[in-house]
Amino acid sequence: MKRKISGVTIELRKGDITRQKDCEAVVNAANARLQTGGGVAGAIHKAAGPQLEKEAVPLGPLEPGEAVITGAFELPNRYVIHCLGPVYGKDKPEAELLANCYSNALDLAEEHRLPSIAFPAISTGIFGYPIEEAARVAITTIIGKITEIKHLKNIVFVLYSSKDLEVYEKILEQIL
Ligand code: ADP
C-alpha cells in the first residue's frame, strides 16, 4: 500500500528490514549498547557484518527515543539509523519516547539529505509495545513532520508479518 502526502510517498510493505535494496537508510530497533542481539538488531548486525558493531558501540549507550547513524557495511543500504525504542510498561511516557525515535530518525535522514528510509515496527517485539498503538504513534509522527521534509521522497514501513501489515494498513487508512 502506498499513499502520497505533500510530495512524500508513504509505503507499507511486508518483508525483512535487511533486504530493502531501494532504501538509502534502514532503521535498526537497537538496544541501548548498540550491540547485536535478537529481532531486528540481530538480523541487521548479522547482515551488515562485525564492522557495524565496531562503529556503533562507541556512539552508545542510547537513552529511549534517541537515534544515531552509522554506515551499513554489507547491507544493501548506505546507512543504518539506530533507534532505541521504549520498553512498554517501563520507559515512560512510552508514546512520547516512541515518537521521538521516528522524529529523530527522520531528522538524521534529512541532515544526510537521504531520499529514502525504511522503518521496522520499533519496540513491538522484545520491548512489548502493542502493534496497534505503536503503528498509530509511528504513522502520526511521520505525517506530523511531513511538511518539514525537504529531501525524503519515500518513507517505507517494513512489517515482518501479514498481521502487522494489516494493522498498519488499517491505521494509515483511518488517519488519512
Ligand atoms: P524491539 O526490541 O524494539 O521490540 P524487535 O527487534 O524485538 O525490537 O522487534 C521489532 C519488530 O520487528 C517486531 O514487530 C518484530 O516482529 C519485527 N522484526 C523482527 N525481525 C525483523 C526483520 N528481520 N525485519 C523486519 N522486522 C522484523
Side-chain angles (χ1 to χ4, degrees), residues 11-92 94-109 111-112 114 116-135 137-139 141-142 154-165 167-168:
E11 184 179 345
L12 309 181
R13 254 182 218 173
K14 183 174 175 248
D16 182 330
I17 195 74
T18 65
R19 289 168 185 266
Q20 305 306 313
K21 294 193 175 71
D22 58 345
C23 294
E24 288 284 291
V26 286
V27 174
N28 181 16
N31 48 62
R33 300 200 175 278
L34 294 155
Q35 290 165 332
T36 185
V40 169
I44 284 186
H45 279 274
K46 188 169 176 221
Q51 281 176 292
L52 182 61
E53 256 195 356
K54 278 198 192 118
E55 189 184 349
V57 168
L59 305 176
L62 296 184
E63 294 291 330
E66 285 183 340
V68 293
I69 189 165
T70 66
F73 303 100
E74 316 273 317
L75 280 162
N77 318 95
R78 263 175 75 197
Y79 296 101
V80 177
I81 296 177
H82 308 257
C83 296
L84 178 64
V87 175
Y88 195 75
K90 176 176 166 270
D91 299 319
K92 291 188 176 160
E94 53 243 314
E96 193 180 314
L97 296 173
L98 186 60
N100 291 347
C101 286
Y102 288 94
S103 181
N104 288 328
L106 275 196
D107 290 347
L108 282 173
E111 276 167 31
H112 288 76
L114 306 184
S116 49
I117 185 169
F119 286 96
I122 300 169
S123 281
T124 67
I126 298 158
F127 286 0
Y129 214 117
I131 187 77
E132 198 154 335
E133 282 179 48
V137 172
I139 294 170
T141 304
I142 300 286
N154 288 301
I155 299 175
V156 182
F157 290 103
V158 179
L159 290 321
Y160 209 39
S161 71
S162 309
K163 212 167 139 250
D164 290 353
L165 177 63
V167 171
Y168 266 69

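Keep in mind that the numbers below use all heavy atoms, side chains included, and drop hydrogens, waters and symmetry copies. Every value quoted in this text rests on a predicted model; they were computed, and no experiment measured them.
Distance check, rounded to the nearest 0.5 Å: CG of Leu98 to SG of Cys83 gives 9.0 Å. To the nearest 0.5 angstrom, Ile139 atom CD1 is 6.0 Å from Leu12 atom CG. One finds the SG atom of Cys23 at 8.5 Å from the CD1 atom of Ile117 (value rounded to the nearest 0.5 Å). From Ile131, atom CD1 reaches atom OG1 of Thr124 across 4.0 Å, with rounding to the nearest 0.5 Å. One distance of note links CG of Leu59 with CZ of Arg33; it measures 14.0 Å at 0.5 Å rounding.
Of all heavy-atom pairs between Ala138 and Tyr168, the closest is CB-OH, 4.0 Å. Between Val26 and Leu75, the shortest heavy-atom contact is CG2-CD1, 4.3 Å. The two residues Ala48 and Ala72 come nearest to each other via the heavy atoms CB-O, 3.6 Å. For the residue pair Pro64 and Gly85, the shortest heavy atom distance occurs at CB-O, 4.4 Å. Scanning all heavy atoms of the two residues, the minimum distance from Ala41 to Asn31 falls at CB-ND2, 4.3 Å. Looking at every heavy atom in both residues, Leu114 comes nearest to Ala25 through CD1-CB, 3.6 Å.
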From CA spacing to verdict: side-chain contact (heavy atoms from CB on, under 4.5 Å), Phe119, Val156: CA-CA 6 Å; Phe119 286 96; Val156 182; over 6 Å; no

Steps toward side-chain contact (heavy atoms from CB on, under 4.5 Å) verdict (Leu84, Phe127): CA-CA 10 Å; Leu84 178 64; Phe127 286 0; 3.8 Å; yes

N/O donor to acceptor pairs below 3.5 angstrom from side-chain atoms of residues 101-109, sequence neighbours left out:
| unit_1 | atom_1 | unit_2 | atom_2 | d |
| --- | --- | --- | --- | --- |
| Tyr102 | OH | Pro120 | O | 3.3 |
| Tyr102 | OH | Ile122 | N | 3.3 |
| Ser103 | OG | Lys145 | NZ | 3.0 |
| Asn104 | ND2 | Gly65 | O | 2.7 |
| Asn104 | ND2 | Asn100 | O | 3.1 |
| Asp107 | OD1 | Lys145 | NZ | 2.8 |

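Applying the ring pair (Phe, Tyr, Trp, His ring centres under 6.0 Å) rule to pairs touching residues 40-89 yields Tyr79-His112, Tyr88-Tyr129, sequence neighbours excluded. Applying the salt bridge (Lys or Arg N to Asp or Glu O under 4.0 Å) test to every pair with at least one member in residues 55-79, sequence neighbours left out, gives these pairs: Glu24-Arg78.
Under the 4.5 Å side-chain criterion, counting only non-hydrogen atoms from C-beta, Lys163 is in contact with Ser161. Looking at heavy atoms from C-beta onward, Lys14 lies out of side-chain contact with Leu159 at the 4.5 angstrom threshold. Looking only at side-chain heavy atoms (C-beta outward), Tyr160 and Ile17 stay at 4.5 Å or farther from each other. Contact check for Val57 versus Gln35: side-chain heavy atoms found under the 4.5 Å cut-off. Side-chain atoms of Lys92 and Pro86, non-hydrogen and from C-beta on, never get closer than 4.5 Å to each other.
Screening Asn28, Val80, Leu34, Ile81 for a side chain to side chain contact (heavy atoms under 4.5 Å, CB included) involving Thr70 leaves a single residue, Val80.
Under the rule for a side chain to side chain donor-acceptor pair (under 3.5 Å), the partners of Gln20 that lie at least two apart in sequence or sit in another chain are Arg13. Shown here are the side chain to side chain donor-acceptor pair (under 3.5 Å) partners of Thr18, two or more places apart in sequence or in another chain: Asp16. Considering only residues two or more places apart in sequence or on other chains, Gln51 meets the side chain to side chain donor-acceptor pair (under 3.5 Å) condition with none of them.
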